[in-house]
Amino acid sequence: MDVIYSSIQAMSILEMHNRPSKHTIHIRVNHYNSRTCALKFTESASTYQAFDGMPVSADSLVWNNVIQTHLGNLNYNKAVTTYQEMLTRGIRPNRHTLPRILSVSRLSGSLSLGKQLHCQAMKLGVCNDIYVTGSLIELYGHLDGVDAAKWMLDNSEKKTSSAVSWTLLAKLYMKQNKPTFAIDLFNEMVESGAEVDAVSLTTAISACILVKSLITGRNIHDTARKHGLELDVLVSNSLVKMYMECGSIKDARDLFDKMPSRDAISWTSIIQGYVKNGEINEGLKLFRKMVNDDKIKPDAVSVSTILPACARMAAHKNGRELHGYLIRNKIPTNLKLNNALIDMYAKSGNLEYSSTIFSRTKSKDIISWTVMIMGYSLHGKGDLGLDLFKKVPKSDTDEISYVTALHACCTSLKVEKGLHYFNCINSPNLVHYSLMAALLARAGKLDDAKAFAKKHGVEKHPEVLRALIDGCRIHKKITTGKRLVEQLCDSEPLNADNYVLMSNWYAQNGGKQKQKQEMVDRWRETIRDMDLKPKIAYSWIEFRNKVHVFKTGDVSHPRSERIYWELESLMKNFEKIEGDFSFHDVDEERECVPIGHSELLAVCFGLISTKSGSAVRVTKNLRVCRSCHEAVKCISKVVGREIILKDPNRFHHFKNGGCSCQDFY
DNA sequence: CTAGGGTTAG
C-alpha cells in the first residue's frame, strides 16, 4: 500500500514539474557492434561525468517504483520520461533502476536506448549486479541476437553470474530452436560450479524434450538427484513430461508415484502423456484419481489439454464426463475451453451438443466458427457448414477458415462455390490447393482438377496426387488412377502406405483373378524388401467408460468368440439381401482376412454389448475399406440401428442401408 | 522494490 501511495505521490510531483529541463543530458547513440560496444562505451566514458556528481540518494526508491508502475502498465514512453527526469534532477540511478529501465528498452524494441543504458550501467558501477547482467542478456538476446547475449554472459564476472543468467541465455537458444545449445550451456554451467537450481534444471529438461533425447534427459535427471532437487515439484514435473515425450512411460510413472506432492501441472502432464500414447483409459483413470484422491481441482487449462485427446480418439463419453465435471464444479470456462468442447463433441460424433454449445457461446472468435463448420462438414453436412460460413464476419476470416469452407464445398460437391471461395484466399497454401483438386476430382471433373494442379504448380505433390486418386477411385478411372498411384510412389518412395494403395488398386481393379493376385503379391514383396512398415489398422469403441481396441483379425478380446459368431450370422443376412455380396480378398489394410476387419469387429462388439435401438459409435485410424463400407450399410438395415463410424477423414452415419457420405468417401 | 518456471482450441 505504501509503495502504491508513494508512487502516486511521486507521479503527481513529476507531473507538476513536467516541463523541459535546461540541462537535459545528451546521450550519444552508439552504433557499434554489440561485441565491441562495451569497450567503446568505456572509451567514451568521459561523456558521462555527470553521474559522478550525483549523490546516492534514498529518493531512488520512489523513482524506481514510478518506473516500475509505468512498466507494469506497459507505458514505456512514460517510463523513459521518468528515467530522464530522474537524471535531470540529479537522482542517481542504482542497481534497482537499471534492470527496470533496461526491460523498458527491450520491450519497446529500442536497442539504441539499451546500449546507452548499458553504458550508463558501467559508468554507475552496477554492471556486475546479477539483475543488471540478467536484463542486459535479455536485452541483447531479444534485440541483437543470441550471440550478443552469449558475449554478455561470457564477459560478466563469473562469480556474480547466477543460474538465472545462464537460464535466460538457455531460454534464448530454445526460442531460436537450438535446444542442443541450451543443453550444452547447462552442462557448461554445472561444470563452472555455478549453483544449479530448479528453474535451470527445468529449462534444460525442456530442451531435452525438444530434442527427444532420453539419454540426455537421464543425465540431467542424475544432476538433479545430485543436487537434491529430483523431487522438487518443478523439476519432477518437467522430468515426468520428458520421460513421456521421450517414450518411457515407465520412468515417468515411477517418478510421478514417488513425488511427495503433486500439483495440477503434475497431473495434467502425466495424463496428457498417457493420452498421447493412446492410453486414454489410463488417462481418464488418473483424471478421476486427481479429482477424488488428491483433491486437486483441474482448471480450464488442464481440462482443455485433455479434451483434444478425447476429440482425436472420438471418445465421446469421456469428453462428456469432463464436460460434466466442469459444469458440476462450476469451473469458469473460457473461449478456448468452449471451442475445445465444440470441437470435441463434433469430432466424437455428437453434432447436436456441438451446435448447442456453439450457439450459447456469446463472443465467438474465428476458431469457434472454424471448428463448428468443420464439424458439419466432417458429418457430411457441407451445406449447413456453408450456410454458417456465410455468417462469419468477413474481417474475421483467415486462411484456416477457408480450409473449412473448401472442405464443406467438398462434402457437398459445390464446385462453383469452391472456386469462388478459393479466389477469396489471399495466399492459398497446399491445403487449399489439395482441397480444390479434391473437389474438382470428386465432382468428376478430373481434367479440370489436373489442369488446376498444374496451373498452380502442385501437380506432383503427394497430397494433391492423393486427392486426384480419390476422384479416380470414385469415378472408376482405373488406368489414370493407376498412373497417379505410380507417381505417388515415385514422389514418396519411403511411405509404405503408398504401396499398400498400389496393391489395393490392383486388388480392386486388376482384371483377372490370377494376374491380379500376382500384382498384389509383388507389391507386398516390395514393401517387405524395402523394410517399410505400413500403418496398422485398428478400430475402437467406448463401452462402460472404457475404450475397447480391435486390430484386424483380433481374437484377444474376451468376447471374441461371440463377436465372430455375430459377424458370421450377419454375413448370412447380407447374402440374402444383397445377393452377390462378397468381400475383397485384399483391402486397404494389407491383411488378407476376409472377415474380421477391425471396424466390423468393433461394430459387432457394439451391437452385442449395447441395448437394441441405440446408436453404435466406432472409430477407425485408417480409412474404411469399400467392402466394409458396404457391409456396415447392410448391417444398419438388418439390425435397424444407426451406426456411426469415424475414419480419419469423415464420419459415416449408416442408417437403414445408406450412408451419410453417399459413397463419396 | 526486481529477472528465469507449464501454455490450453481450428
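Worth knowing before you read on, the calculation uses all heavy atoms, side chains too, and leaves out hydrogens, waters and symmetry mates. Within every chain, numbering begins at 1; the chains are lettered A, B, ... in the order of the sequence lines, protein sequences first and strands thereafter.
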task: Please work out if A/Asn237 contacts a base, only the sugar-phosphate, or nothing of the nucleic acid, heavy-atom cut-off 4.0 Å.
output: nothing
query: Between B/dA9, B/dA3, B/dC1, which nucleotide gets closest to the side-chain atoms of A/Ser162?
result: B/dA3
field: Side chain of A/Ile130 (C-beta onward), nearest among B/dC1, B/dA3, B/dG10
entry: B/dA3
query: Heavy atoms under 4.0 Å, any strand shown: does A/Ile367 hit a base, just sugar-phosphate, or nothing?
result: base
task: Could you check how far CZ of A/Arg95 sits from C1' of B/dT2, rounded to whole Å?
output: 10 Å
statement: Between A/Thr203 and A/Ala170, the two heavy atoms sitting closest are CG2-CB, 4.1 Å
message: Do A/Arg262 and A/Phe256 form a cation-pi contact, if we require the NZ or CZ to be under 6.0 Å from the six-membered ring centre and within 45 degrees of the ring's axis?
response: yes
task: Classify the nucleic acid contact of A/Asp197 as base, sugar-phosphate or nothing, counting any heavy atom under 4.0 Å across all strands shown.
output: base
- request: May I ask you to decide if A/Pro298's main-chain N or O and A/Ser302's side chain share a donor-acceptor pair within less than 3.5 Å?
  value: no
Listed nucleotide nearest any side-chain atom of A/Val301, set B/dT8, B/dA9, B/dT2: B/dT8
- request: For A/Leu139 and B/dT2, give me the distance from atom CG to atom P, rounded to whole Å.
  value: 21 Å
task: Only pairs at least two apart or in different chains count here, so list each salt bridge (charged side-chain N to carboxylate O under 4.0 Å, His left out) that has a residue in residues 335-347 of chain A.
output: A/Asp343-A/Lys347
query: When the distance from CD1 of A/Ile342 to C1' of B/dT8 is rounded to whole Å, what number comes out?
result: 15 Å
statement: Closest to the side chain of A/Thr370, out of B/dC1, B/dA3, B/dG10, is B/dG10
Between P of B/dT2 and CG of A/Leu107, the distance in whole Å: 17 Å
query: Rounding to a whole Å, what distance do you find between A/Leu335:CG and B/dG10:C1'?
result: 12 Å
Residues touching DNA chain B, which here means a heavy atom under 4.0 Å, drawn from residues 383-410 of chain A: A/Asp398, A/Ile400, A/Ser401
query: Looking for any heavy atom pair under 4.0 Å, which part of the strands does A/Ser135 touch: base, sugar-phosphate only, or nothing?
result: nothing
query: Under 4.0 angstrom, heavy atoms only, what part of the nucleic acid is A/Val371 near: base, sugar-phosphate, or nothing?
result: sugar-phosphate
message: I want to know whether A/Tyr243 and A/His221 have ring centres closer than 6.0 Å.
response: yes
message: Between A/Asp254 and A/Lys258, does any NZ, NE, NH1 or NH2 come within less than 4.0 Å of an OD or OE carboxylate oxygen?
response: no
query: Could you state the CG-P distance from A/Leu337 to B/dT8, rounded to the nearest angstrom?
result: 14 Å
message: Closest approach to the side chain of A/Pro99, judged atom by atom: which nucleotide of B/dT2, B/dA9, B/dG4 is it?
response: B/dT2
message: From C-beta outward on A/Ile366, which listed nucleotide comes closest to its side chain: B/dG4, B/dG6, B/dG10?
response: B/dG10
Atom-pair distance (CG on A/Leu98; C1' on B/dC1), nearest Å: 15 Å
- request: Using a strict 4.0 Å threshold on nitrogen-to-oxygen distance, state whether A/Lys171 and A/Glu138 make a salt bridge.
  value: no
